[in-house]
Participant: 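Attaching a single structure in structure tokens format; questions to follow.
Numbers restart at 1 for each chain; the letters A, B, ... are given by sequence-line order, proteins then strands.
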Number of protein chains: 2
Amino acid sequence: MEKRGKTPLYECLYRNIRDDILNGALRVGERLPSRRALAEHLRLSVVTVESAYRQLEAEGYVSVLARRGVFVNETNRPPAPPGSIPEAVAPDAAPRVWKLDLTDNSPDPSLIPAAALARLTRQALSENLEALFVPPPGPGLAVLREAIAHDLYEYRGMKVSPEQILVGAGAEYLYLLLPQLLGNSSLFALEDPGYLKIRHAYRNSGTRFVCLPLDSQGLNMDALRHSGANVAHISPAHHYPTGLVTPIGRRHTLLRWAEESGGWLVEDDYDSELRFTGRPIPTLQSIDHSGRVLYMNTFSQTISPSLRVGYLILPPSLLEVYRRELSFYACTVPTLEQYVLARFLESGQYEQHLSRLRKIYRARRAAVLDAFRANFSGGVTISEQGAGLHFLLRPRADGIRQRAERAGVRLRFLSDYAAAPTPEQHNTVVVHYAALPPERLAESMSLLAEIFC
Amino acid sequence: MEKRGKTPLYECLYRNIRDDILNGALRVGERLPSRRALAEHLRLSVVTVESAYRQLEAEGYVSVLARRGVFVNETNRPPAPPGSIPEAVAPDAAPRVWKLDLTDNSPDPSLIPAAALARLTRQALSENLEALFVPPPGPGLAVLREAIAHDLYEYRGMKVSPEQILVGAGAEYLYLLLPQLLGNSSLFALEDPGYLKIRHAYRNSGTRFVCLPLDSQGLNMDALRHSGANVAHISPAHHYPTGLVTPIGRRHTLLRWAEESGGWLVEDDYDSELRFTGRPIPTLQSIDHSGRVLYMNTFSQTISPSLRVGYLILPPSLLEVYRRELSFYACTVPTLEQYVLARFLESGQYEQHLSRLRKIYRARRAAVLDAFRANFSGGVTISEQGAGLHFLLRPRADGIRQRAERAGVRLRFLSDYAAAPTPEQHNTVVVHYAALPPERLAESMSLLAEIFC
């Protein structure tokens with residue numbers, strides 16, 4: 001027995017015998033010395049030998065046969081692995097550092113209501129500690145689902161029962177649930193151009209989908225009818241990334257398509273809270289009288305993407321499917337987050353925060369649009385709908401992509417969101433302006449001047 | 001204009017016009033009065049009318065044509081919905097209240113280290129507030145992945161690079177990622193009997209799987225070879241629910257199968273920390289020299305299922321697949337939870353907690369086994385492996401299921417976990433003893449006496 005450091009004695013003995021079995025010094029079928037004999041020989045206690053033999057037995061190296069002894073088992077050890085060094089693990093790639101990045105659709109981190117959430121978290125920890133460690137019910141905590149239903153009623157005019165709400169760890173997790181709700185043989189129609197992660201999630205999870213063109217009102221109905229799709233996954237309030245708002249006429253046509261064909265509409269309402277003029281566009285869900293709309297939204301744009309909280313609103317027939325087939329899934333959002341978010345909504349702080357966000361982004365957006373117009377007046381055309389955290393910019397010059405790369409500015413083009421991009425889409429920039437706060441605007445404009453002028 | 005409560009004036013006007021368009025009082029193509037004319041007529045400001053017209057335009061009810069006026073659009077309104085009342089939403093079913101529930105594999109809630117986690121959460125909120133709202137990288141926070149790798153090295157002898165670790169919202173979320181990593185056409189071999197949620201998750205997500213029988217060493221190799229499966233999803237350390245430990249010989253055979261056939265082993269190590277005699281069984285992952293093992297584990301059994309944190313360890317070749325295909329997925333665990341958990345591990349509190357858990361459960365388990373033997377000596381046979389939160393109980397009597405129902409005791413049988421149950425499985429109870437703390441033991445035994453005696 002070699003030096004053993006802090007390893008217990010029985011473990012050293014176990015390792016020695018194990019290694020002797022693996023390297024063939026002890027043969028299959030061989031009987032090991034009795035506990036007492038080995039203990040005497042090695043000047044160890046019988047208990048130590050007993051523990052080592054038990055561990056060897058538990059792992060299957062030996063069999064202990066009553067009144068007969070301890071015998072070495074066949075370990076089927078593979079021949080020594082080839083001399084090759086095991087594949088090295090490359091470190092996670094370090095992301096390139098950009099002087100300016102206009103591709104990120106996240107909100108400005110400085111506008112996350114961190115202090116308020118921290119206060120509510122501390123409060124929950126002191127008032128409600130035990131409840132925070134009770135696993136949430138599958139569809140989410142009742143208090144959170146009630147708070148969401150109440151908020152949707154008060155501020156969006158949506159009549160939703162808390163029971164219809166299914167809380168999950170962000171939009172992408174919910175994307176993975178959709179085919180499970182609607183049937184794995186479903187064919188999803190996606191908007192082209194459109195939000196890339198939807199396409200990526202469906203492709204990787206083996207969900208069938210087709211990318212369909214938009215016209216001036218949203219998803220092209222002829223294309224939808226001819227596609228054979230039974231689900232249309234759309235963002236009618238403010239299409240990403242074009243900003244298109246689907247008008248009431250097309251909404252009714254989409255609903256009729258769903259009713260008549262037995263299809264489903266997934267209304268992905270990812271940023272409708274950030275509308276800067278007038279009231280929010282009423283949701284498809286609120287004018288659906290046939291239960292064909294699944295509404296989804298998250299708190300990633302309005303609170304923080306670090307929270308990982310989104311939700312689905314199921315029509316009654318799909319609620320039944322969920323309860324029958326999918327309620328075995330544990331809720332993917334920790335109880336603590338759900339409590340804190342419920343309080344943030346209930347206490348009215350969420351809507352106050354949204355008002356503040358809208359005010360700040362409205363001003364920022366106006367300043368950014370003014371700056372673009374003032375600096376590149378002849379050089380760019382802007383298209384925007386008074387909503388969301390992005391707008392489209394059409395530069396007059398060509399070769400913008402290469403120039404941006406060289407200048408250290410990260411841009412994305414409409415073509416990057418399209419399955420079959422048109423030349424025009426190749427030359428249309430999707431500007432995510434949350435990265436252009438007032439204090440960085442002048443500096444950013446000089447950087448962008450290298451590209452657009 | 002009727003009474004308006006707290007609704008803004010422009011919104012009342014918008015609603016009136018909208019309703020007139022929808023009910024046909026205003027016809028398609030009709031021109032609305034000019035802003036000025038309507039403002040004068042209704043004694044409103046031009047700004048109010050302008051806002052109402054803008055909202056109608058944004059939603060597509062009207063088109064505003066420069067120098068020509070405001071015209072009513074086609075809304076394609078569907079015929080009035082049939083007089084049927086919308087389907088009512090049934091409330092979530094209230095679970096039956098049992099006098100005793102021995103079916104729950106969760107740990108005893110009173111053993112969750114709530115105070116320690118609360119302390120670490122408060123600390124994180126005061127020391128690191130901003131960082132808590134930065135979205136985590138796709139595979140998880142570096143500090144957490146490092147803490148996990150360190151813990152696995154120190155306490156399980158596993159050499160894992162933090163880069164190989166992928167953090168996700170619990171085991172079931174990770175189940176949904178597995179086919180995406182291994183290919184959606186993969187055929188998974190599952191243990192029968194086995195953990196039901198694995199089967200449910202695969203069935204619902206459209207993943208191909210077969211349930212294969214166990215023999216005395218684990219997954220039957222002949223069945224595996226004949227099944228055509230390319231992935232074996234197994235729990236070799238302590239099979240759920242039989243408690244079977246796969247011996248070293250079978251482990252080597254499984255590894256050789258994976259090497260030779262290009263297959264994969266998913267090692268689901270859901271409760272290996274709770275082993276009450278000797279050291280933990282070494283993992284398959286640690287003797288895999290060919291990169292064919294995906295190891296997975298969670299903190300649900302050891303800390304709390306309310307946390308929703310699990311992780312996968314990928315072999316280098318699958319890490320490449322993850323980075324290339326799946327890294328667009330946002331991490332499903334909130335940043336705050338990841339920080340807190342990282343500190344719990346780093347500070348050594350996790351392993352202290354595990355030692356305490358093992359001590360308490362070891363004693364509870366012994367007391368429960370003694371009580372069963374003392375109370376039902378002739379009536380039951382017990383089979384257990386000194387590990388985990390469950391053991392098997394074979395009553396001599398028949399009709400146990402019905403008797404338990406009547407007595408208000410919730411039991412699950414081995415047959416409940418089997419795709420093709422044998423008669424013996426129908427009469428073997430899986431006892432989850434975490435629900436039998438010392439203070440409830442005597443009372444529970446008298447309840448169980450009604451069933452087993």
Side-chain angles (χ1 to χ4, degrees), chain A residues 11 54-55 58-61 73-78 81 87 89 91-92 112 114 118 121-122 125 129 133-135 161 163-164 169-170 172-173 176 180 184 197 200 204-206 245 247-249 252-253 256 278-279 281 289 291 304-308 316 325-326 328-330 332 334-335 337, chain B residues 11 54-55 58-61 73-78 81 87 89 91-92 112 114 118 121-122 125 129 133-135 161 163-164 169-170 172-173 176 180 184 197 200 204-206 245 247-249 252-253 256 278-279 281 289 291 304-308 316 325-326 328-330 332 334-335 337:
Chain A
E11 196 172 326
R54 274 226 201 121
Q55 187 68 32
E59 297 182 19
Y61 287 96
N73 286 337
E74 173 61 78
T75 65
N76 301 312
R77 201 197 185 195
E87 290 177 71
V89 174
D92 294 344
I112 294 170
T121 306
R122 285 198 191 92
L125 289 170
L129 184 58
F133 291 99
V134 175
S161 155
E163 268 82 18
Q164 292 174 264
E172 296 146 35
Y173 174 69
L176 297 179
Q180 303 190 46
N184 289 311
K197 289 195 175 188
H200 292 162
N204 282 295
S205 62
V245 181
I248 185 69
H252 282 143
T253 307
R256 199 172 308 175
R279 52 200 289 290
I281 306 287
H289 300 292
S304 164
S306 70
L307 272 195
R308 309 310 314 150
E325 310 280 346
L326 301 177
F328 74 93
Y329 281 121
T332 42
T335 310
E337 254 72 21
Chain B
E11 195 171 326
R54 273 227 202 121
Q55 186 68 31
E59 297 183 15
Y61 287 95
N73 286 337
E74 173 62 78
T75 65
N76 301 311
R77 201 195 186 199
E87 289 176 73
V89 174
D92 293 345
I112 294 170
T121 307
R122 286 198 189 93
L125 289 169
L129 185 57
F133 292 99
V134 174
S161 156
E163 269 81 20
Q164 291 174 264
E172 296 146 34
Y173 174 70
L176 298 179
Q180 303 190 45
N184 289 310
K197 290 196 174 186
H200 293 161
N204 282 294
S205 62
V245 181
I248 184 70
H252 281 143
T253 306
R256 199 174 308 174
R279 53 200 288 288
I281 306 285
H289 301 293
S304 166
S306 69
L307 273 194
R308 310 310 315 148
E325 309 282 344
L326 301 177
F328 74 92
Y329 281 122
T332 42
T335 310
E337 253 72 21

Participant: Over all heavy atoms of both residues, which pair between F133(B) and S304(A) is shortest? Give the atoms and the distance, please.
Facilitator: O-OG, 3.4 Å
Participant: For L176(A), is it the side chain, the backbone, both, or neither that has a heavy atom closer than 4.5 Å to a heavy atom of chain B?
Facilitator: side chain
Participant: Contact part of N76(A) toward chain B, heavy-atom cut-off under 4.5 Å: side chain, backbone, both or neither?
Facilitator: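 Interface part for N76(A): both.
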Participant: Report which part of I281(B) has an atom under 4.5 Å of a heavy atom belonging to chain A: side chain, backbone, both, or neither.
Facilitator: both
Participant: Is there a side-chain contact between H252(A) and E74(B), using heavy atoms and a 4.5 Å cut-off?
Facilitator: no
Participant: Pick one of side chain, backbone, both or neither for I248(A), based on which atoms fall under 4.5 Å of a heavy atom in chain B.
Facilitator: both
Participant: Could you tell me which of Q55(B), R122(B), K197(B) has the largest number of non-hydrogen atom pairs under 4.5 Å with chain A?
Facilitator: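 Top count of heavy-atom pairs under 4.5 Å with chain A: Q55(B).
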Participant: Looking at G60(B), S306(B), G206(B), which one has more heavy-atom pairs under 4.5 Å with chain A than the rest?
Facilitator: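 Ranked by contacts with chain A, first place is S306(B).
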Participant: Counting heavy-atom pairs under 4.5 Å with chain A, which one of E337(B), E325(B), R54(B) comes out on top?
Facilitator: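 Highest number of pairs under 4.5 Å: E337(B).
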Participant: Kindly say whether L326(A) contributes a backbone atom to a donor-acceptor pair with the side chain of N204(B) at under 3.5 angstrom?
Facilitator: no
Participant: Distance-only, no hydrogens or angles: does the R256(B) side chain make a donor-acceptor pair with backbone N or O of R77(A) under 3.5 Å?
Facilitator: yes
Participant: With only heavy atoms counted, which part of S161(A) is less than 4.5 Å from chain B, the side chain, the backbone, both or neither?
Facilitator: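 For S161(A), the contact with chain B is made by the side chain alone.
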Participant: For each of P247(B), A169(B), P305(B), A118(B), tally heavy-atom pairs with chain A at distances under 4.5 Å, and name the one with the top tally.
Facilitator: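 Among P247(B), A169(B), P305(B), A118(B), the one with the most close pairs to chain A is P247(B).
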Participant: Below 4.5 Å from any heavy atom of chain B, which atoms of Q180(A) appear? Answer side chain, backbone, both or neither.
Facilitator: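 Contact with chain B: backbone and side chain both.
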Participant: Counting only non-hydrogen atoms closer than 4.5 Å, does V245(A) touch chain B with its backbone (N, CA, C, O), its side chain (CB onward), both, or neither?
Facilitator: side chain
Participant: Side chain, backbone, both or neither: which part of T332(A) has a heavy atom under 4.5 Å from chain B?
Facilitator: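 Both parts, heavy atoms under 4.5 Å.
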Participant: How far apart are the closest heavy atoms of Y329(A) and E172(B), and which atoms are they?
Facilitator: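 Residues Y329(A) and E172(B), closest heavy atoms: CA-OE1, 3.1 Å.
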Participant: Below 4.5 Å from any heavy atom of chain B, which atoms of E11(A) appear? Answer side chain, backbone, both or neither.
Facilitator: side chain
